[in-house]
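For the numbers below, each heavy atom of this structure counts, side chains included, while hydrogens, waters and symmetry mates do not.
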Amino acid sequence: VQLQAYGGGLVQPGGSLRLSCATSGFTLDYYAIGWFRQAPGKEREGVSCISSSSSDSSTYYADSVKGRFTISRDNAKNTVYLQMNNLKPEDTAVYYCAAEGFVCTVVADKISAGGMDHWGKGTQVTVSS
């Protein structure tokens, strides 16, 4: 099982980036994929998650990114995307994608990393003028 996040970079405030999570070694249809981020000196935060296609593909977002970020999946390409619009300096972090079986684990309205079984290496997103 492998996941690899890519697509990060340096962008000005108000700009956009699309992150991709390329997966291999498992059938993406049966897995929920989450995006997490960690900024220096801060705790890891669940940003977004999409449940498996074999369930209902429900999507979840952290309050801090609702209305700005959109998660989607293309099972044929074994890839999950995170479209990030209207980026803010506080979005600066290393972004990771992770996989767990079937449905996203959400606890007290927060996307939980506890259920994630597989993690990819991160990609740096820097929002700065």
Side-chain angles (χ1 to χ4, degrees):
V1 175
Q2 289 189 328
L3 301 94
Q4 177 64 60
Y6 61 95
L10 173 63
V11 62
Q12 291 186 343
S16 298
L17 281 174
R18 188 177 78 161
L19 302 184
S20 299
C21 177
T23 70
S24 61
F26 61 99
T27 304
L28 184 57
D29 305 52
Y30 300 117
Y31 281 81
I33 302 295
W35 285 97
F36 298 81
R37 68 186 181 187
Q38 189 162 23
K42 294 188 176 181
E43 292 187 355
R44 182 174 54 193
E45 176 188 21
V47 175
S48 183
C49 190
I50 183 166
S51 289
S52 67
S53 304
S54 60
S55 60
D56 60 3
S57 295
S58 294
T59 57
Y60 304 89
Y61 298 93
D63 287 344
S64 58
V65 307
K66 279 180 182 176
R68 300 189 298 122
F69 290 11
T70 302
I71 192 170
S72 61
R73 62 194 301 145
D74 186 336
N75 292 337
K77 294 183 178 180
N78 295 316
T79 302
V80 173
Y81 304 99
L82 185 68
Q83 178 67 43
M84 306 187 297
N85 297 330
N86 190 22
L87 283 160
K88 304 176 180 181
E90 51 264 42
D91 295 318
T92 296
V94 177
Y95 284 70
Y96 302 87
C97 59
E100 68 174 311
F102 294 111
V103 297
C104 301
T105 300
V106 179
V107 179
D109 293 329
K110 293 188 184 297
I111 299 162
S112 173
M116 295 293 170
D117 300 314
H118 309 287
W119 292 80
K121 294 182 179 179
T123 185
Q124 175 71 46
V125 172
T126 302
V127 184
S128 175
S129 55

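Between the side chain of Y61 and the backbone N or O of I71 there is at least one donor-acceptor pair closer than 3.5 Å. Counting only distance, with no hydrogens or angles, the side chain of R73 and the backbone of L28 share a donor-acceptor pair below 3.5 Å. Distance alone, capped at 3.5 Å, places no donor-acceptor pair between the T79 side chain and the D74 backbone. The main-chain N or O of T126 is never found under 3.5 Å from a side-chain atom of T92 such that the two would form a donor-acceptor pair.
Other residues, nucleotides and ligands contribute at most 12 non-hydrogen atoms within 6.0 Å of the CD atom of Q2.
In plain terms, the two heavy atoms of S55 and F102 that are nearest each other are OG-O, 3.5 Å. Looking at every heavy atom in both residues, S112 comes nearest to V107 through CB-CG2, 4.2 Å. Taking all atoms of both residues into account, the shortest heavy-atom contact from A93 to A39 is CB-N, 3.8 Å. Between L17 and G7 the shortest heavy-atom distance is CD2-O, 3.9 Å.
Remark: L10 CG to S129 OG distance equals 9.5 Å, nearest 0.5 Å. Once rounded to the nearest 0.5 Å, the distance linking OG1 of T70 with CE of M84 reads 11.0 Å. Atoms CD and CZ, from Q83 and R18 in turn, are 7.0 Å apart once rounded to the nearest 0.5 Å. Between the CG atom in L82 and the OG atom in S20 there is a gap of 9.5 Å [rounded to 0.5 Å].
Judged by distance alone, the side chains of D56 and S58 do bring a donor and an acceptor atom under 3.5 Å apart.
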Exercise for the section: Assess whether side chain to side chain contact (heavy atoms under 4.5 Å, CB included) is satisfied between K121 and Q4, documenting all intermediate values. Expected result: CA-CA 6 Å; K121 294 182 179 179; Q4 177 64 60; 4.2 Å; yes
Exercise for the section: Start with the C-alpha gap between S48 and T59, add the side-chain angles, then the distance that decides, and say whether side chain to side chain contact (heavy atoms under 4.5 Å, CB included) holds. Expected result: CA-CA 7 Å; S48 183; T59 57; 5.6 Å; no
Practice task
Evaluate side chain to side chain contact (heavy atoms under 4.5 Å, CB included) for I111 paired with F36, printing each intermediate quantity in order.
Solution key: CA-CA 9 Å; I111 299 162; F36 298 81; 4.0 Å; yes
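In this structure, H118 and F26 have parallel ring planes: the angle between them is below the 30° cut-off, well short of the 60° mark. Using cut-offs of 30° and 60° for the angle between ring planes, the Y95 and F69 rings count as tilted.
Looking at R37, K110, Q38 one by one, the single match for side-chain contact (heavy atoms from CB on, under 4.5 Å) with E45 turns out to be R37.
Residue pairs meeting the disulfide (SG to SG under 2.5 Å) criterion with at least one partner in residues 75-129, sequence neighbours excluded, are C21-C97, C49-C104.
In this structure, K88 does not pair ionically with D91, as no charged nitrogen and carboxylate oxygen lie closer than 4.0 Å.
Residues L19 and V125 are in side-chain contact: their nearest non-hydrogen atoms beyond the backbone lie under 4.5 Å apart.
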